[in-house]
A.B. asks: 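One structure follows; several queries about it will come next.
Residue numbers begin at 1 in each chain, while the letters A, B, ... track the order of the sequences. Worth saying up front: this structure is predicted, and the values here are computed from it rather than measured.
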Amino acid sequence: MNGLRLRSLAVPGLLAAAILLLALAAPMLPLADPVRQDVARRLAGPSAAHLLGQDEYGRDVLSRILWGARVSLAVAFTATALAATLGTALGILGGYFRGVIELLTVRAAEIVLCFPPLLLALLVVTLMGPGTGTLIFSLAILFTPGFARVAYAETLSVRALDYVTAQQALGAPTRRILARTLLPNIAPPLIVQFSLTVASAMVLESGLSFLGLGVVPPSPSWGLMIRGARTTMEQAPLLLLWPCLALAGAVLVLNLLCDRLRDVLDPRGRSTGSPGFLRKLAALPPAPVESVPLLRVEGLTLQVKGRHGSVTLVRDAGFSVGRGETVAVVGESGSGKTLTVLAVMGLLPAAVVPVAGRILFTGRDGHVRDLLRLPEAQMRALRGRDLAMVFQDPSSSLNPLLRIGDQVAESLRAHGAKSSESVVPLLRQVGLPDPERQAQAYPHEVSGGQRQRAMIAAAIANHPRLLLADEPTTALDVTVQAQILSLLTDLKRAEGGMGMVFVTHNLAVVSDIADRVVVMYAGEVVEEGPVADVFAAPRHPYTAALLASVPEGGAERLAAIRGTVPQPLDMPAGCRFAPRCERAIEICREVAPALVEVSLVRRSRCVRWKELV
Amino acid sequence: MRAAQPLARAVGVTRAFYRRGRFLGRSVPVMALRGVDVEVQRAETVGVVGESGCGKSTLGRVMLGLLAPTEGQVLFDGEDLAQQTQAHLRTLRRRMQMVFQDPYGSLDPRRTVGAQIGDGIVIHRLAAGVEVAERVALLLRQVGLNPADAGRLPHEFSGGQRQRIAVARALATAPEFIVADEPVSALDVSIQAQVVNLLADLRADLGLALLFISHDLHVVRHLCDRLVVMYLGRVMEEGPASEIFAAPVHPYTRALLAATPSLRHRAAPVPLMGEVPSIASPPTGCVFRTRCPMAQPDCAETVPTLQTLKGTGDRRIACLRAEEIAT
């Protein structure tokens with residue numbers, strides 16, 4: 001836990017400590033006796049002797065607020081702590097063991113929820129007589145099911161995680177799993193629940209005391225003070241204000257403290273990021289537009305603005321796609337391959353901004369546009385018609401509430417088609433068996449491969465000029481992957497001239513489907529060229545190492561690349577691959593190499609490419 | 001012939017999960033495993049391959065006693081896991097461990113990696129005090145990490161490093177048998193090779209028996225001595241890995257091999273039609289017949305059992321037409 005995060009606790013912590021200290025120190029402070037009456041000066045306003053004035057019996061309000069804090073805080077905290085301990089224990093046991101134990105713990109606690117809370121409290125108080133002890137008891141009963149339910153729900157989701165199974169596999173005794181592994185990991189929502197419960201316990205304490213069922217007069221409590229002040233609201237409105245302010249202030253400080261505490265306890269730290277509602281046009285200097293065959297990405301640089309300044313995620317990326325050509329973009333996680341494709345679609349996350357480069361695209365009308373500088377309205381007109389995209393996970397990219405036929409029809413209608421007659425032929429074209437029936441099915445009713453076929457049908461509905469596919473087969477089984485790959489190949493043949501950008505991490509798939517390959521590493525294009533040439537004779541050590549690390553053939557030992565991909569915050573100064581490169585020399589670590597032409601059709605970002613054979 | 005006493009062994013294991021029906025909670029059994037026999041010898045690596053829903057992960061958990069078989073027996077070093085007391089089972093657990101697929105989900109995000117690696121040592125009282133830290137340091141070095149990393153939290157490591165930590169945790173109790181459930185599937189290609197090499201080294205150095213579950217045939221081929229091919233909860237083909245890769249017999253094994261993309265040759269165009277049927281309502285007879293290019297009427301009626309292929313000794317295939325295909 002670092003100091004920075006602990007510091008975020010300072011303000012709410014100090015405030016809470018101040019409140020607690022004032023309440024604890026009340027007997028020692030030079031305060032008037034909170035129960036001594038002075039009827040002659042009832043409802044007197046603030047004076048030097050009584051800073052906040054005097055109440056309906058002439059008692060000192062400041063003193064009663066501080067003494068009242070003792071009662072209110074003690075009741076709220078004790079009741080909540082009791083409820084939290086009991087409820088969490090019930091919830092964990094019920095959630096971990098399920099079955100009969102669940103019935104005896106969580107479900108039993110839930111019976112309490114059947115009663116309206118105020119009624120239940122009234123019942124207990126009536127049976128046991130008013131007083132602080134009764135109040136704590138009834139509040140604890142009232143709040144136990146809340147904790148039990150939160151703990152139960154969290155336990156159910158955490159117990160299914162691999163690290164809990166790992167503990168079982170280690171042979172850990174059950175109580176150790178519950179205390180060491182489960183409890184710390186379900187704590188954050190319980191902390192939030194705790195802060196909410198303490199707050200509502202204070203309010204309820206006030207309410208019950210106000211009704212005359214809680215703390216017995218003349219002992220001060222905030223609820224009793226509100227109750228007393230209500231009757232004289234017209235003559236002395238300030239009397240109502242002070243206890244209300246005290247209550248609201250204490251509740252707010254507590255909520256803030258618990259929120260911060262939860263963030264501090266999360267080892268991964270709080271996620272930062274500004275909310276983004278609208279895609280803003282990047283503030284880029286204008287650039288000339290020239291004719292291109294289909295798509296040309298040039299010098300694309302993407303940054304994300306963070307707390308420590310701008311971080312470059314993609315630097316100087318460039319490639320082109322000709323008509324009817326399939327270009328594969330390969331790279332490992334963090335290589336920037338998906339961001340590059342999203343930039344072409346104009347679908348970058350709000351936090352990521354392009355800072356340089358051009359994306360030239362020739363539309364169906366023969367007009368060349370720079371997609372990086374195109375206003376959103378015009379971009380929208382292109383999306384789904386000239387440009388289409390297929391995503392990785394077909395189960396999350398289809399709307400679960402719409403029938404498959406309707407989703408395909410939607411993409412047709414978005415671009416002016418009146419009827420949805422062509423839906424069934426489209427579904428047939430992508431090889432869905434029994435397309436009439438499948439059009440009426442919901443996404444969850446068909447298999448993963450069929451969902452991906454439906455996604456592809458929606459993408460090609462308007463005969464796009466360019467299809468962008470982001471890992472379209474990664475989530476699928478091998479035999480289904482083969483089907484989808486051959487479907488894409490067939491579609492490209494049928495849709496004369498459609499270009500395709502295929503993003504993948506699987507090199508074997510690249511050799512199956514693509515004409516040309518773009519290899520990306522740590523946000524840069526390191527090599528580009530025809531697939532057969534690049535795979536036969538790579539001109540960048542990274543490509544070579546990647547190919548060698550694929551477990552094919554009879555090598556006794558795989559050629560692993562040592563080290564890990566560098567993080568965007570911590571990029572090497574020179575060549576980004578240099579720290580992991582077997583062939584790196586002095587200059588590689590100092591100067592970032594440029595992408596150089598190796599031949600008419602190939603480029604490499606390595607100063608030593610000539611030596612690689 | 002094979003040695004008499006395998007280290008880990010599943011005999012006719014069936015495992016059902018109960019899924020609630022749509023109304024009134026009537027339970028419907030879903031058979032994740034049906035009559036599966038698997039043996040793992042000491043110091044042997046057995047690969048289990050198959051597509052999603054074939055029961056390979058369930059098999060791994062059953063072999064470790066994390067799930068009880070509905071029918072059949074699971075034996076570890078000759079002892080039936082179901083017959084053991086809790087206390088004895090816990091001592092057996094020391095000798096068998098697991099490595100999970102997702103290196104992000106298998107480590108507790110709130111405890112230091114040193115504490116998690118040391119768990120097994122503390123639980124089984126293999127060491128105490130300073131000696132625990134020394135063992136943890138040794139384990140970290142063994143998987144190629146810096147012993148100084150013990151005090152850090154899992155999120156400070158990359159995916160490949162986390163998988164090494166998970167391997168170190170599994171090794172902490174000096175196990176004889178490890179089930180690795182898709183240990184490299186979530187990793188990048190260049191990192192995959194590091195972890196595969198690590199497993200290969202450990203197997204050689206420590207004489208570990210390994211059940212390696214994967215859908216990636218290339219990795220399995222590289223690492224495994226023997227292979228078990230599964231489909232919809234049943235074993236389709238089993239035998240020495242090199243022989244199966246050289247000459248697959250079962251139509252499903254053949255299709256799986258043909259569908260796997262390769263750098264060296266293009267995948268066969270559409271090797272198999274359709275997709276894996278739902279495990280809740282598997283086809284009658286041979287479960288593969290609905291997608292099998294060689295299915296005949298018999299296949300819908302008879303459930304093929306694993307038969308030793310003539311003239312091989314240790315290749316077993318569950319297909320009515322196995323002999324015909326093999327010749």
A.B. asks: Regarding A:Glu527 and A:Thr543, is there a side-chain donor-to-acceptor distance under 3.5 Å anywhere?
C.D. replies: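 Yes, because at least one side-chain N or O of A:Glu527 sits under 3.5 Å from a partner of the opposite role on A:Thr543.
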A.B. asks: What part of B:Leu66 gets within 4.5 angstrom of chain A, counting heavy atoms only: side chain, backbone, both, or neither?
C.D. replies: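 The answer is the side chain of B:Leu66.
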A.B. asks: Give, as side chain, backbone, both or neither, the part of B:Asp181 having an atom under 4.5 angstrom from any heavy atom of chain A.
C.D. replies: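 Neither part.
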A.B. asks: In Å and rounded to the nearest 0.5 Å, what is the CG to CZ distance from A:Leu488 to A:Arg493?
C.D. replies: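 Atom-to-atom, A:Leu488:CG and A:Arg493:CZ are 12.0 Å apart.
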A.B. asks: A:Asp477 side chain to B:Glu51 main-chain N or O, any donor-acceptor pair under 3.5 Å?
C.D. replies: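 It does not hold such a pair.
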A.B. asks: Is chain B contacted by the side chain of A:Gln450, its backbone, both, or neither, given a heavy-atom distance below 4.5 Å?
C.D. replies: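 The answer is both parts of A:Gln450.
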A.B. asks: What part of B:Gln194 lies closer than 4.5 angstrom to a heavy atom of chain A: side chain, backbone, both or neither?
C.D. replies: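 When you check distances to chain A, atoms from both the backbone and side chain of B:Gln194 fall under 4.5 Å.
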A.B. asks: Under a 3.5 Å cutoff, is there a donor and acceptor pairing between the side chains of B:Glu182 and B:His215?
C.D. replies: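 Yes, a side-chain donor-acceptor pair sits under 3.5 Å.
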A.B. asks: Heavy-atom cut-off 4.5 Å, strictly under: side chain, backbone, both or neither for B:Ser158 against chain A?
C.D. replies: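 B:Ser158 touches chain A through side-chain heavy atoms alone.
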A.B. asks: Does B:Arg162 make a cation-pi contact with B:Phe157 (under 6.0 Å, within 45 degrees of the axis)?
C.D. replies: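 No, a cation-pi geometry is absent between B:Arg162 and B:Phe157.
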A.B. asks: Relative to chain B, which segment of A:Arg180 carries a heavy atom at a distance below 4.5 Å: side chain, backbone, both, or neither?
C.D. replies: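 A:Arg180 touches chain B through backbone and side-chain heavy atoms alike.
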A.B. asks: I'd like to know which of B:Val195, B:Val220, B:Val179, B:Asp201 tops the heavy-atom pair count under 4.5 Å against chain A.
C.D. replies: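 So the answer, after comparing B:Val195, B:Val220, B:Val179, B:Asp201, is B:Asp201.
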A.B. asks: Given heavy-atom pairs under 4.5 angstrom as the criterion, report whether the side chain, backbone, both or neither of A:Pro173 touches chain B.
C.D. replies: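 A:Pro173 touches chain B through backbone and side-chain heavy atoms alike.
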A.B. asks: Roughly how far, to the nearest 0.5 Å, is CD1 of B:Ile117 from CG of B:Leu139?
C.D. replies: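 Rounded to the nearest 0.5 Å, the CG-CD1 separation comes out at 6.5 Å.
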A.B. asks: Using non-hydrogen atoms and a 4.5 Å limit, figure out which bit of B:Arg169 sits close to chain A: side chain, backbone, both or neither.
C.D. replies: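 Both parts, backbone and side chain.
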A.B. asks: Report the option among B:Arg111, B:Gln101, B:Arg94, B:Arg93 that has the most heavy-atom pairs separated by less than 4.5 Å from atoms of chain A.
C.D. replies: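 Counting heavy-atom pairs under 4.5 Å, the top option is B:Arg93.
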A.B. asks: Which bit of B:Val122 comes within less than 4.5 Å of chain A, counting heavy atoms only: side chain, backbone, both or neither?
C.D. replies: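 The side chain, not the backbone.
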A.B. asks: If I compare all heavy atoms of A:Gln483 with all of B:Arg291, which pair ends up nearest, and what's the gap?
C.D. replies: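 Smallest interatomic distance, heavy atoms only, reads NE2-NH2, 4.2 Å.
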A.B. asks: Using 30° and 60° as the class boundaries, would you call the ring planes of A:Tyr442 and A:His444 parallel, tilted or perpendicular?
C.D. replies: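 Rings of A:Tyr442 and A:His444: parallel, as their planes differ by under 30°.
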A.B. asks: Quick one: does any side-chain atom of B:Gln163 pair with a main-chain N or O of B:Ile191 as donor and acceptor, under 3.5 Å?
C.D. replies: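 Checked: no pair found.
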A.B. asks: Got a donor-acceptor contact below 3.5 angstrom from the B:Arg110 side chain to the B:Leu153 backbone?
C.D. replies: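 Not at all, since once roles are kept as given, no pair shorter than 3.5 Å links the two residues.
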A.B. asks: Looking at A:Leu547, A:Val478, A:Leu161, which has the largest count of heavy-atom pairs under 4.5 Å with chain B?
C.D. replies: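 Of the options given, most contacts go to A:Val478.
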A.B. asks: Could you tell me which portion of B:Val276 (side chain, backbone, both or neither) has an atom closer than 4.5 angstrom to a non-hydrogen atom of chain A?
C.D. replies: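 Answer is side chain: those atoms of B:Val276 sit under 4.5 Å from chain A.
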A.B. asks: Can you say whether B:Val219 sits under 4.5 Å from chain A via the side chain, the backbone, both, or neither, judging by heavy atoms?
C.D. replies: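 Looking at B:Val219, backbone and side chain both touch chain A.
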A.B. asks: If you count heavy-atom pairs under 4.5 Å with chain B, which of A:Gly171, A:Ala560, A:Gly448, A:Gly331 comes out on top?
C.D. replies: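 Ranked by contacts with chain B, first place is A:Gly171.
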A.B. asks: Between A:Gly563, A:Ala559, A:Ala187, which has the largest tally of heavy atom pairs under 4.5 Å with chain B?
C.D. replies: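 When all of A:Gly563, A:Ala559, A:Ala187 are compared, A:Gly563 has the most.
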A.B. asks: Go through B:Leu64, B:Asp216, B:Leu107 and name the one with the most non-hydrogen pairs under 4.5 angstrom from chain A.
C.D. replies: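 Highest number of pairs under 4.5 Å: B:Leu107.
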A.B. asks: Hydrogens and angles aside, do A:Ser549 and B:Gln192 bring a side-chain donor and acceptor to less than 3.5 Å of each other?
C.D. replies: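 Distance-only check fails for A:Ser549 and B:Gln192.
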A.B. asks: Using non-hydrogen atoms only, which part of A:Ala545 is less than 4.5 Å away from chain B: side chain, backbone, both, or neither?
C.D. replies: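 No part of A:Ala545 comes within 4.5 Å of chain B.
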A.B. asks: Between A:Phe577 and A:Tyr521, what is the ring plane arrangement, given parallel below 30°, perpendicular above 60°, and tilted in between?
C.D. replies: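 Answer is perpendicular, since the angle exceeds 60°.
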A.B. asks: Could you tell me which of A:Val509, A:Val158, A:Thr165 has the largest number of non-hydrogen atom pairs under 4.5 Å with chain B?
C.D. replies: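 Option with the greatest count: A:Thr165.
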